[in-house]
Undergrad: 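The structure that follows is given in the form of structure tokens.
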Amino acid sequence: GISSIPFYQVFTTNSNWEFLIVASDGVWDYVSFEMAKEIVRANGEGVEDDAMVLGRAVRARSRASGGRSDNMAIVVVRNNGGECVGYDLE
């Protein structure tokens with residue numbers, strides 16, 4: 001079913017953070033927070049679009065398990081004073 005109760009965390013940060021992953025709840029059905037972090041980190045300094053790389057991994061895992069990857073969204077923000085890129089899996 002649909003839940004109107006969001007999962008969120010409030011935290012204080014400094015300039016030492018590497019990246020931030022914001023994703024809809026369906027993404028976390030297929031990858032853990034730790035796995036998502038490792039996928040983005042393995043991509044290096046945004047060699048390829050981080051959200052796209054993570055999105056492909058989520059899609060592959062959802063297909064392998066017979067699930068669906070529609071209605072999912074991923075945004076990865078790197079702390080490089082640069083751009084914010086989102087990837088819609090539809």
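Source: prediction; values computed, not measured.
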Undergrad: Pair R78, V40 - check side chain to side chain contact (heavy atoms under 4.5 Å, CB included), show working.
TA: CA-CA 10 Å; R78 280 197 177 262; V40 172; 3.7 Å; yes

Undergrad: Report the residues that fulfil side chain to side chain contact (heavy atoms under 4.5 Å, CB included) with A36, sequence neighbours left out, ordered by chain and then residue number.
TA: I21, W28, V31, L54

Undergrad: Look only at the side chain of N79 and the backbone of F19, and say whether a donor-acceptor pair between them is shorter than 3.5 Å.
TA: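 Answer holds: no.
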
Undergrad: Just jot down the side chain to side chain contact (heavy atoms under 4.5 Å, CB included) partners of S65, sequence neighbours excluded, or say none.
TA: Y30

Undergrad: Main chain of G67, side chain of S62: is a donor-acceptor contact present, judged purely on distance under 3.5 Å?
TA: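 Judged by distance alone, no pair lies under 3.5 Å.
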
Undergrad: Suppose the criterion is salt bridge (Lys or Arg N to Asp or Glu O under 4.0 Å): which pairs have a residue in residues 25-40, not counting sequence neighbours?
TA: E34-K37, E38-R41

Undergrad: List for me each residue that meets side chain to side chain donor-acceptor pair (under 3.5 Å) alongside R61, sequence neighbours excluded, and say none if there are none.
TA: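 Here no residue qualifies.
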
Undergrad: Of all the heavy-atom pairs spanning S24 and M72, show the shortest one and how long it is.
TA: OG-CA, 3.2 Å

Undergrad: If you look at every heavy atom in D49 and N43, which pair is closest and at what distance?
TA: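 Where D49 meets N43 most closely, the heavy atoms are C-ND2, 4.1 Å.
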
Undergrad: Hey, does V53 have a side-chain heavy atom less than 4.5 Å from the side chain of I39?
TA: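 They are in side-chain contact.
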
